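Dropping the structure in here first, questions after.
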Protein chains: 2
Amino acid sequence: MKALSQVGKYGLRAILYLVAYPSENSYMSIRQISDELNLSFHFVTKIFRELTAKGILISYRGPSGGVALARPADQIMLIDVVKALEGEDYFDKCLIGLPNCGTAKPCPVHEFWKEMKTKIQQNFTETSLATLGEKIRSQEFRLDD
Amino acid sequence: MKALSQVGKYGLRAILYLVAYPSENSYMSIRQISDELNLSFHFVTKIFRELTAKGILISYRGPSGGVALARPADQIMLIDVVKALEGEDYFDKCLIGLPNCGTAKPCPVHEFWKEMKTKIQQNFTETSLATLGEKIRSQEFRLDD
DNA sequence: CATATTTAAGAGTATTTTATCTTATTTAAA
DNA sequence: TTTAAATAAGATAAAATACTCTTAAATATG
Ligand code: SF4
Ligand code: SF4
């Protein structure tokens, strides 16, 4: 079940690295992140530009520049990042993608699928980047191979 | 949350039409299905060839030929169709797609995501095409616009 | 047998996604 | 002020996906 595009996967991993290993009062370079996670520097840069444009990251150019969270990690929810990376309609799309889809006369899997989507949406809404970063720092979870 | 490719979506809708409106002891032409659901005839044909090769459908050429379920609808589970259309590893792939992924040292969303995947997999395993076809015939559910 | 109907097979095209590359701009520090 | 470090922007390339088209094979029926 491929729930995220490459942009979504890389973007999440990259921002989680940023969250997990924050440099006090300063910016972290994209180069460091992409090197650590073995991701394409240019691709991560492009993804991060989008997150910056959407107000999730801030960036600073020049030496000792880089990126940083625009808000404290406990105020950025997983759903914010996922929607920024995959589109605001991420939770609107549905299993068999009927035209004019809705609850009025739904497809035969609607009931179950809607329930799943709601659960996932709720979890993503409740989960902050701070929570995930903490998990990574605890050493019991990882972001790369 | 795009859980299925176009092949998966079209394939599911098409096979569900076949299930919902079965022609007694006979084949239904792909043309009828694609016309009714407003899908590309050629594309549906290609998708159905795969389902036939995988033993989910049987086909018959020539006048009054077409496709039919290879087994009774209550013996084909939703998971069979989804795996045939999206790949046997459908439920192995995971949220942020880590290399060498597993439960040993998982990513920070693993616990929740694994639970969701398991729920979905269970539901798909328990849901037969017969059940879904019945829903459609009840007129409360639809397959197209 | 001749013809029409239907799926099989696969080549071919278009579009989207993924990834790379080049150039410009900003900024710190030597 | 020069240089190096860093992101911004967007062009380009490669790969995957989505879709279309053509030809072949099978089969029923007149
Ligand atoms: S009816 Fe429900 S599950 Fe089906 S495609 Fe629409 S929103 Fe999705
Ligand atoms: S650790 Fe779990 S959730 Fe994360 S990528 Fe691997 S299988 Fe998926």
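Every value quoted in this text rests on a predicted model; they were computed, and no experiment measured them. Just so we're on the same page: letters track the sequence lines, and every chain starts at 1.
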Answer yes or no: does a side-chain N or O of B:Ser64 lie under 4.0 Å from OP1 or OP2 of D:dT29?
->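 No, outside the criterion.
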Shorter than 3.5 Å, N or O on both sides, protein versus nucleotides 20-24 of chain D: list them out with atom names.
unit_1	atom_1	unit_2	atom_2	d
D:dT20	OP2	B:Ser40	OG	3.1
D:dT20	O4	B:Lys46	NZ	3.4
D:dC21	N4	B:His42	ND1	3.4

Looking only at atom types and distance, does a side-chain atom of A:Arg71 sit under 3.5 Å from a main-chain N or O of A:Ile76, one as donor and one as acceptor?
->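 Side chain of A:Arg71 to backbone of A:Ile76, a donor-acceptor pair under 3.5 Å: no, none is there.
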Picking from D:dA18, D:dA5, D:dA28, which would you name as closest to the side chain of B:Tyr60?
-> D:dA28
Determine yes or no for a side-chain-to-main-chain donor-acceptor pair under 3.5 angstrom, with A:Glu86 supplying the side chain and A:Ser5 the backbone.
->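 A pair under 3.5 Å: yes.
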Think B:Gln6 has a side-chain N or O under 4.0 angstrom from the OP1 or OP2 of D:dT17?
-> no
Check: B:Gln139 main-chain N/O paired with A:Lys105 side-chain donor or acceptor under 3.5 Å | yes
Scan B:Ser29 against the nucleic acid and name what it touches under 4.0 Å (heavy atoms): base, sugar-phosphate only, or nothing.
->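 Sugar-phosphate, no base atom in range.
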Is B:Ser59 near enough to C:dT6 that one of its side-chain N or O atoms lies under 4.0 angstrom from OP1 or OP2?
-> no
Pick base, sugar-phosphate or nothing for B:Gly62, based on heavy-atom distances below 4.0 Å to the nucleic acid.
-> base
Ignoring hydrogens and angles, are the base of D:dA9 and the side chain of A:Arg49 linked by a donor-acceptor pair under 3.5 Å?
->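 Check passes, donor-acceptor contact within cut-off.
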What does A:Phe48 touch in the nucleic acid at a heavy-atom separation under 4.0 angstrom: a base, only the sugar-phosphate, or nothing?
->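 The answer is nothing, as A:Phe48 stays clear of every strand by at least 4.0 Å.
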NA contact type, A:Tyr10, heavy-atom cut-off 4.0 Å: base, sugar-phosphate, or nothing?
-> sugar-phosphate
Heavy-atom count around A:Glu111 CD within 6.0 Å, excluding the residue itself: above 12?
->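 Check fails, neighbour count at 12 or below.
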